Amino acid sequence: MSTPDFAAYIASLPRVLAGAAALFRDAEGRILLVEPSYREGWALPGGTIESDDGESPRQGARRETLEEIGLDVEPGRLLAVDWVRGVGRPPLVAYLYDGGVLGEEDLKRIRLQEEELLSWRLVPRAELAGYLPGVLGPRVLAALDVLADGTGPVELENGCRVG
């Protein structure tokens with residue numbers, strides 16, 4: 001296949017968005033959530049993987065964590081991969097990594113990205129559903145289960161386990 005034909009072939013392929021986030025906890029097991037300024041609900045530190053620039057999901061989770069909360073933390077193991085069907089957008093593949101347990105000193109070093117985030121808080125597992133919109137809540141709960149039972153990663157579709 002010649003170069004122009006290959007470029008046309010690549011351009012014709014379906015598009016998929018990709019995002020990555022880190023799941024941070026404190027010593028009490030509460031989950032670190034951030035409040036975006038651009039939409040309703042809360043989220044985990046994370047965002048779009050800059051795949052056009054060669055960024056991997058793991059690199060994206062680390063970069064987004066640094067940009068959003070000012071902590072440069074190497075992501076731990078992969079906890080979940082979620083295929084989320086799009087409505088008015090391409091589907092999304094969301095990678096969720098273990099961010100680890102943050103100590104008091106780590107929490108004091110959090111600096112929010114003011115252009116995108118309003119605040120952060122630590123939320124107990126039992127209260128997550130009230131904060132996390134759509135499939136994000138079930139995704140985080142599935143990842144917490146993986147952490148608790150030592151299995152995983154877990155494959156999800158729209159936040160629900162498959163396979």
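Only a predicted model underlies this, so the values are computations on that prediction, with no experimental measurement involved. What you see below is based on every heavy atom in this structure, not just the backbone, and it leaves out hydrogens, waters and symmetry mates.
Judged by distance alone, with hydrogens and angles left aside, the side-chain atoms of R109 form no donor-acceptor pair with the main-chain N or O of I69 at under 3.5 Å. In this structure, the side chain of D53 does not engage the main chain of E55 through any donor-acceptor pair within 3.5 Å. The backbone N or O of L23 sits less than 3.5 Å from a side-chain atom of R25, completing a donor-acceptor pair. Under the 3.5 Å distance criterion, the side-chain polar atoms of E68 are matched with a main-chain donor or acceptor of G46. Checked by atom type and distance alone, the side chain of R30 never pairs as donor or acceptor with a backbone atom of A27 at under 3.5 Å. In terms of modelled atom types and a separation under 3.5 Å, the side chain of Y131 and the main chain of V123 share no donor-acceptor contact.
Under the 4.0 Å criterion applied to side-chain N and carboxylate O atoms, R139 and D82 are assigned as salt-bridge partners. By the 4.0 Å N-to-carboxylate-O rule, E67 lies close enough to R63 to be salt-bridged with it. Checked for salt-bridge contact, R85 and E157 meet the test: a charged N lies under 4.0 Å from a carboxylate O. Ion pair R62/E74 flagged as a salt bridge, since at least one NZ, NE, NH1 or NH2 atom sits closer than 4.0 Å to an Asp/Glu carboxylate oxygen.
In this structure, a donor-acceptor pair under 3.5 Å is absent between the side chains of E116 and S37.
Between Y95 and Y97, the ring-plane angle classifies as parallel under the 30° and 60° cut-offs.
Rounded to the nearest 0.5 Å, atoms CG (L44) and CD (E64) are 12.0 Å apart. A distance of 6.5 Å separates CG of D106 from CG of L71, quoted to the nearest 0.5 Å. Within the model, atoms CG of L102 and CG of L107 stand 5.5 Å from one another, a figure rounded to the nearest 0.5 Å. The OG atom of S51 sits 9.0 Å away from atom CG of L17, with the distance rounded to the nearest 0.5 Å. Rounded to the nearest 0.5 angstrom, F24 CZ and L33 CG are separated by 12.0 Å.
E40 and P133 make their closest contact through O-CG, 4.2 Å (heavy atoms, listed as atom of the first residue, atom of the second, distance). When every heavy atom of S56 is checked against every heavy atom of I49, the shortest pair comes out as O-CG2, 3.8 Å. Here the shortest heavy-atom pairing between P138 and G159 reads CB-O, 3.4 Å.
Residues L122 and E28 form no side-chain contact, since every pair of their non-hydrogen atoms from C-beta on lies 4.5 Å or further apart. At least one side-chain heavy atom of I31 sits less than 4.5 Å from a side-chain heavy atom of L128. Residues W83 and V162 fail the side-chain proximity criterion, which asks for heavy atoms closer than 4.5 Å. Residues V140 and L132 meet the side-chain proximity criterion, which asks for heavy atoms closer than 4.5 Å.
Y38 and L118 fall into different hydrophobic clusters, where Ile, Leu, Val, Met, Phe, Trp and Tyr are joined by side-chain heavy atoms under 4.5 Å apart, directly or via other members. Hydrophobic clustering of Ile, Leu, Val, Met, Phe, Trp and Tyr side chains at less than 4.5 Å, counting indirect connections, keeps V146 apart from V81. Using a 4.5 Å cut-off between side-chain heavy atoms of Ile, Leu, Val, Met, Phe, Trp and Tyr, with links allowed through other members, L32 and W42 fall into different hydrophobic clusters. Both L136 and L96 are assigned to one and the same hydrophobic cluster, defined by single-linkage of ILVMFWY side chains at heavy-atom distances under 4.5 Å.
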Criterion side-chain contact (heavy atoms from CB on, under 4.5 Å) on L144 and R125, from CA distance to verdict: CA-CA 9 Å; L144 288 170; R125 178 187 175 117; 3.3 Å; yes
R161 vs L156, side-chain contact (heavy atoms from CB on, under 4.5 Å): CA-CA, chis, key distance, verdict: CA-CA 4 Å; R161 285 179 181 255; L156 307 170; 3.9 Å; yes
Full working for side-chain contact (heavy atoms from CB on, under 4.5 Å) between L79 and V154: CA-CA 6 Å; L79 301 174; V154 64; over 6 Å; no
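Applying the ring pair (Phe, Tyr, Trp, His ring centres under 6.0 Å) criterion to W120, with sequence neighbours excluded, gives no partner residue.
In this structure, R15 places its CZ atom where only 12 or fewer heavy-atom neighbours from other residues, nucleotides or ligands lie under 6.0 Å away.
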